[in-house]
Amino acid sequence: VNDRVTLTLGLRADTSKFPDSPSHNQIIQDAIGYNTASTPSEDVVLSPRVGFNWDPTGDGKQQVRGGLGIFAGRTPYVWISNAYANTGVESTSLTYNNSIANGGIPFNPDPNNQPRDLGAAGSLSVDLIDPGFKFPRVFRGTLGYDRELIWGIRGTAEVIYSKTQEDVFYKSVNRVQTGTSPLDGRPTYSTRSTALRDAYLLTNTSEGDSMTESIQLSRPYTNGLTLFASYTHEEANTAFDATSSRAVSNFQFAPTKGDIYKAENGTSLFEVKHRFKVAASYTFKTGPVDHTLGLYYNVQSGSPYSLMMGGDPNKDGFTTNDLLYVPGSADEIILKDSHGNVIDYSVFAAYLHAAGVSSTAGKILDRNSSVTPWAW
């Protein structure tokens with residue numbers, strides 16, 4: 001724009017093509033109304049962005065910089081591939097836990113002559129794609145200030161804000177709500193169709209945002225010595241962390257308060273609330289040989305985690321994804337050990353306190369509401 005202001009404008013266009021479709025499974029179509037041959041939208045997605053640099057004084061000793069734009073998120077090709085591999089047409093996973101002595105099925109090495117009529121033991125599990133599925137993307141804005149300080153030190157302060165536009169979310173679409181838990185009010189589910197065991201739909205959510213603030217001091221290479229120190233604070237929320245390559249694992253290990261169809265914002269598993277970094281390096285010569293000695297130190301707050309409960313209280317078929325209900329008072333529950341002996345509630349209360357949870361919450365805990373100790 002002039003000798004103090006620079007603007008950078010950009011426009012990115014993305015599209016995906018799916019020349020092949022997953023196999024169509026009429027059993028799934030008839031049972032729950034979903035088409036296993038669906039593929040994501042092939043629409044063109046435009047991502048505009050603008051950035052600026054401004055030298056307020058014109059002497060090159062400070063600058064204000066920032067930008068706004070739409071940016072691509074994680075590329076979900078492995079999640080899309082699940083729907084091609086798990087249509088229930090090319091292969092079926094058969095589980096039958098019964099001994100031969102009790103009428104079970106002996107091993108048959110012939111792949112073309114495997115047992116097929118075992119009722120629920122041979123029911124299908126399939127992966128599906130929402131035909132309107134969009135690749136992950138975020139809106140992001142940043143604002144920073146850089147300045148030369150004394151003794152050759154440079155200071156930087158920066159804020160970055162991100163808002164999810166599209167992210168991945170999984171639904172177990174062969175489940176339908178049929179009740180409510182009398183203990184804590186969470187919804188409970190039953191199977192929609194006995195023709196299949198499970199069906200996991202890859203779809204989108206717009207829930208999620210993050211804010212990161214950081215300051216840093218650095219002394220660039222001078223007389224062989226380089227120094228650096230920084231502090232970063234972060235608040236990060238998501239509706240779904242998507243930590244696995246498989247649809248079933250993504251669903252069964254995603255903590256939920258019970259509603260498996262609701263994308264609910266919560267603390268991200270990847271949030272690092274506080275982080276301090278210090279680094280120093282010194283370069284010197286001995287004869288013709290260059291040497292560099294470096295020291296690096298990092299200390300950060302712990303990783304978020306969720307307290308869970310077993311027993312599948314929402315009856316979605318998994319005992320690995322149900323967030324803990326904390327009683328409103330000690331007389332709401334009876335605690336027993338593995339031998340059936342009653343345990344005093346104070347033992348449970350101490351466990352909750354160590355995880356940073358009130359022992360009389362009277363509610364289902366939020367996702368990732370506990371944090372591991374600081375790490376360094």
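There is no side-chain donor-acceptor pair under 3.5 Å between Tyr161 and Glu213. Of the N and O atoms on the side chains of Asp241 and Thr243, not one donor lies less than 3.5 Å from an acceptor on the other residue. If you check the side chains of Tyr34 and Gln29, you find no donor sitting under 3.5 Å from an acceptor.
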Using salt bridge (charged side-chain N to carboxylate O under 4.0 Å, His left out), reason through Lys171 and Asp130 one step at a time and then give a plain yes or no. CA-CA 10 Å; Lys171 296 178 180 179; Asp130 183 344; over 6 Å; no
Please lay out, stage by stage, how Leu217 and Ser230 fare under the test side chain to side chain contact (heavy atoms under 4.5 Å, CB included). CA-CA 6 Å; Leu217 298 173; Ser230 70; over 6 Å; no
Taking it one step at a time, do Lys134 and Asp43 satisfy salt bridge (charged side-chain N to carboxylate O under 4.0 Å, His left out)? CA-CA 9 Å; Lys134 297 180 175 59; Asp43 297 338; 5.5 Å; no
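In this structure a side-chain-to-backbone donor-acceptor pair under 3.5 Å is present from Gln177 to Gly179. For Trp79 (side chain) and Ile129 (main-chain N/O), no donor-acceptor pair under 3.5 Å exists by modelled atom type. Ser181 contributes a side-chain N or O that, together with a main-chain N or O of Leu183, makes up a donor-acceptor pair within less than 3.5 Å. In this structure, the side chain of Asp312 engages the main chain of Gly317 through a donor-acceptor pair within 3.5 Å. Of the possible donor and acceptor atoms, none in the side chain of Ser218 sits under 3.5 Å from a partner among the backbone N and O of Pro220. Panel note: side chain Tyr84, backbone Ala37; no donor-acceptor pair is recorded below 3.5 Å. Using modelled atom types, one side-chain atom of Lys163 and one backbone atom of Ser206 make a donor-acceptor pair closer than 3.5 Å.
The local environment of CZ in Arg186 is crowded, with over 12 non-hydrogen atoms from other residues, nucleotides or ligands closer than 6.0 Å. Other residues, nucleotides and ligands place no more than 12 heavy atoms under 6.0 Å from the CZ atom of Arg154. Applying the 6.0 Å contact sphere to CZ of Arg74 captures more than 12 heavy atoms from other residues, nucleotides or ligands. More than 12 heavy-atom neighbours from other residues, nucleotides or ligands sit within 6.0 angstrom of CG on Asp290. Dense packing is recorded around CD1 of Ile70, with more than 12 heavy atoms of other residues, nucleotides or ligands lying under 6.0 Å away. No more than 12 heavy atoms of other residues, nucleotides or ligands shown are found within 6.0 angstrom of NE2 on His353.
For the side chain to side chain contact (heavy atoms under 4.5 Å, CB included) with Tyr189, the lone residue among Val176, Thr178, Asn174, Ile260 that qualifies is Ile260. When the options Asn53, Thr142, Thr6, Asp146 are evaluated for a side chain to side chain donor-acceptor pair (under 3.5 Å) with Arg65, the one that passes is Asp146. With Lys257 as the partner, the salt bridge (Lys or Arg N to Asp or Glu O under 4.0 Å) test is satisfied by one option alone out of Asp316, Asp184, Asp322, Asp366: Asp366. When each of Ile364, Leu323, Asn314 is tested with Thr256 by the rule side chain to side chain contact (heavy atoms under 4.5 Å, CB included), just one qualifies, namely Asn314. The only member of Glu166, Arg137, Gln165 that meets side chain to side chain contact (heavy atoms under 4.5 Å, CB included) when paired with Val45 is Arg137.
Proximity of the aromatic rings of Tyr170 and Tyr200 is defined here by a centroid distance below 6.0 angstrom, and this criterion is not met.
Ring planes of Phe169 and Phe240: perpendicular class, angle over 60° (limits at 30 and 60°). Ring pair Tyr345/Phe348 is perpendicular by interplanar angle, where above 60° counts as perpendicular and below 30° as parallel. Using a 30° and 60° split on the angle between ring planes, Phe135 and Tyr77 fall in the perpendicular class, above 60°.
Met309 and Leu307 fall within a single hydrophobic cluster, where Ile, Leu, Val, Met, Phe, Trp and Tyr side chains are chained together by heavy-atom contacts under 4.5 Å. The hydrophobic clustering, which links ILVMFWY residues whose side-chain heavy atoms are closer than 4.5 Å, places Val89 and Val248 apart.
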